[in-house]
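To keep things clear, I will list the structure first and then write my remarks on it.
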Amino acid sequence: MSEPLLAVSGLIKRFRRSGTTVTASDEISLSISPGETLALAGPSGSGKSTIARLILRLIEPDAGRVDFEGENFLALRGSALRARRARLQMVFQDPLAALNPRATVARVLDDPLRIHALASRSERPERIAALLKRVGLSPDLAGRHLHEISGGQRQRVAIARAIATRPSLIVLDEAVSALDVSVRGQILELLLDLQRAERIAYLFVSHDLGVVRAFAHRVILLEDGRIAEQGDARAVIDNPQSTIGKALVAAVPRLARTTIQDRS
Amino acid sequence: MTGSLVSIRNLSVSYRRDASLPSLGNIDLDIAVGERLAIIGESGSGKSTLALAIAGLLPSTATVKGTILWSGQPQLPLGGRDIGFVFQDASASLDPVMAVGRQITEVARTHLDLSRAQAESRALDLLRRVRLPDPDTALHAYPHQLSGGQRQRVAIAAAIAAGPRLLIADEATSALDTIVQADIVALIKQLVAEDGMALLFVSHDIALAAELADRIAVFRRGEMVELGSTDAVIQVPQHAYTKKLLDAHIGLDAAPMIAPTGHGHV
């Protein structure tokens with residue numbers, strides 16, 4: 001078996017709130033292979049977003065180790081950290097909150113190319129146009145402001161920004177949860193297309209077990225900062241063993257259609 | 001036929017300026033006494049605009065044409081007394097610096113002729129009915145001391161405190177996790193059955209709506225494109241857009257989007 005792209009071991013993060021201590025990540029260990037989608041699912045407060053943020057180093061853990069592309073990621077500082085960060089990108093639920101809403105699309109995509117010195121000033125407009133095309137948007141959108149385009153278009157821009165630095169892993173934190181269902185499927189297809197073409201791995205944080213089952217290779221079900229259950233996404237969700245797994249699956253609304261439409 | 005609780009005829013809502021709420025055009029819709037009606041749509045469909053119009057909560061910038069008859073009467077229903085409204089964000093609808101019990105007794109005392117003691121006992125009873133743990137303590141709690149699901153239970157208790165005949169839930173479970181959502185949906189179903197309330201359940205989630213509605217109305221870009229019994233809309237959708245929404249649903253029985261791989265386990 002190939003080296004894991006990401007290997008997390010013994011990751012601990014505690015938060016103290018009004019006298020009580022909440023362990024949001026309680027000795028979490030996990031790994032992701034190149035080109036693989038690992039889903040983190042669980043009820044609110046189970047630690048799924050905290051674990052994603054720890055891996056991204058948006059918050060610092062109390063203990064534990066994160067190896068990314070064969071390097072001790074938590075030990076990196078300065079320029080070495082910046083260089084490695086280009087390979088580990090993120091897309092959040094609300095691009096208007098994650099990105100500057102008053103920036104133009106071009107500016108949002110120019111930033112990573114400039115900061116990581118991936119293209120000279122004169123090359124950048126062409127690279128921005130190519131990125132927009134890659135995510136299914138017209139290069140004509142470059143001059144528009146983020147708040148002027150639709151929610152689905154904004155999330156495509158966020159994906160274009162994430163792939164601008166040629167990452168090997170993208171953390172998708174509820175990245176399709178706020179989208180209309182008719183747009184959601186197209187964004188998931190785009191992500192799968194990028195994964196197949198570039199061998200990008202995804203850490204897919206989601207509360208939606210239907211989407212996890214269709215989109216992810218493996219799933220980890222979390223409860224109170226601990227792993228309750230893990231394995232092949234379809235095997236776990238079709239036959240959950242843990243109490244929380246059974247409760248999560250039972251709570252999913254069922255749409256019992258007698259005539260199944262051809263999805264082709 | 002028990003008659004219509006709400007009769008909407010030729011309702012149009014528009015805005016003078018480009019507003020954040022989408023407009024509505026030529027809506028004809030009846031809500032029967034005690035029925036559970038779901039309004040389904042994506043962003044920009046006008047589903048929330050319809051809910052706000054029925055409750056008389058549209059902003060003053062809105063221009064409303066057509067009629068909304070309440071129990072066949074021309075006089076408008078009174079918010080809180082005749083219609084209870086539950087919004088998506090319970091923290092925004094509850095007063096953060098008022099104890100939970102008082103928020104419920106205020107609704108009861110405003111609309112019902114109750115003494116303070118009677119209103120308090122009603123609030124306690126309501127907190128029991130919405131199954132808030134430890135209702136005696138919860139009466140004196142503040143919203144920030146409760147979880148999101150508990151806050152929504154309080155908002156529901158306040159919405160039904162004056163015994164309305166119509167409960168409107170506008171994306172009332174969308175911000176909650178799946179397990180809490182299922183609990184709240186079951187609670188709403190039980191409360192409307194016990195009190196004989198009609199329910200207008202506004203949601204983007206057609207599978208969730210199908211679990212509790214008698215009828216489903218599908219909205220798109222300010223128009224109602226389909227209205228029918230839940231069974232008819234789900235099993236034999238007439239409009240292409242309804243079919244598209246149903247096909248876009250990714251349930252537990254959806255075909256996997258990815259090919260099985262040889263990725264080992266952890």
Side-chain angles (χ1 to χ4, degrees), chain A residues 1 4 29-33 35-38 41-46 150-151 178-185 188-189 192 195-196 207-211 213-218 220 227 230-234 237-238 244 247-263, chain B residues 20 40-45 144-145 147-149 173-186 203-212 220 230-231 233-237 241-266:
Chain A
M1 191 177 156
S29 298
L30 57 85
S31 68
I32 305 179
S33 301
E36 182 190 30
T37 299
L38 172 66
S44 19
S46 61
S150 74
L179 299 173
D180 280 330
V181 287
S182 55
V183 176
R184 182 183 63 183
L188 289 171
E189 287 293 350
L192 288 176
Q195 180 169 65
R196 281 188 289 260
H207 70 283
D208 187 332
L209 285 193
V211 172
R213 187 184 166 282
F215 181 77
H217 299 100
R218 284 187 302 128
I220 289 177
I227 295 177
Q230 60 182 315
D232 175 87
R234 275 155 297 287
I237 293 167
D238 290 345
I244 190 68
L248 285 167
V249 169
V252 177
R254 305 300 204 270
L255 190 61
R257 298 174 75 187
T258 48
T259 46
I260 300 298
Q261 311 289 314
D262 181 23
R263 283 169 196 276
Chain B
S20 53
I40 294 302
E42 297 185 289
S43 44
S45 63
H144 77 270
Q145 296 171 303
S147 71
T173 66
S174 306
L176 305 171
D177 79 39
T178 321
I179 293 175
V180 181
Q181 168 174 279
D183 288 346
I184 297 285
V185 164
S203 177
H204 67 283
D205 187 337
I206 199 164
L208 185 64
E211 288 208 328
L212 94 168
R220 183 198 194 194
T230 298
D231 199 45
V233 170
I234 302 301
Q235 305 305 344
V236 278
Y241 178 69
T242 310
K243 284 181 195 150
K244 188 179 153 193
L245 275 186
L246 289 165
D247 288 344
H249 176 72
I250 302 176
L252 293 179
D253 54 354
M257 301 175 77
I258 50 163
T261 66
H263 288 301
H265 19 258
V266 186

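Values below: all heavy atoms of this structure, side chains included; hydrogens, waters and symmetry mates excluded. Proteins get letters first, then strands, A, B, ... in listed order; numbering begins at 1 in each. None of these values were measured; they are calculated from a predicted model.
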So, the part of A:Ala233 with a heavy atom under 4.5 Å from chain B: the answer is neither

Applying a strict 4.5 Å limit to non-hydrogen atoms, the region of A:Leu192 in contact with chain B is side chain

Measure distances from B:Asp183 to the heavy atoms of chain A and classify the residue's part below 4.5 Å as side chain, backbone, both or neither. neither

Against chain A, label B:Ile206 side chain, backbone, both or neither, depending on which of its atoms sit under 4.5 Å from a heavy atom there. both

Against chain B, work out which of [options] has the most heavy-atom pairs shorter than 4.5 Å and name it.
| options | answer |
| --- | --- |
| A:Gly210, A:Ala250, A:Ala256 | A:Gly210 |
| A:Leu248, A:Ile244, A:Val249, A:Leu179 | A:Leu248 |
| A:Asp208, A:Leu188, A:Ile237 | A:Leu188 |

For B:Asp231, salt bridge (Lys or Arg N to Asp or Glu O under 4.0 Å) partners two or more places apart: none

Is there a side chain to side chain contact (heavy atoms under 4.5 Å, CB included) between A:Val211 and A:Arg184 once you walk through the steps? CA-CA 10 Å; A:Val211 172; A:Arg184 182 183 63 183; 3.8 Å; yes

Steps toward side chain to side chain contact (heavy atoms under 4.5 Å, CB included) verdict (B:Leu245, B:Glu42): CA-CA 9 Å; B:Leu245 275 186; B:Glu42 297 185 289; 3.9 Å; yes

Run the salt-bridge test on A:Arg257 and B:Asp247 with the 4.0 Å N-O cut-off and return the result as yes or no. yes

Salt bridge check: are B:Asp253 and A:Arg254 linked by an N-O gap of less than 4.0 Å? no

By side chain to side chain contact (heavy atoms under 4.5 Å, CB included) - contacts of A:Ala251 (at least two apart): B:Thr178, B:Ile179, B:Ala182

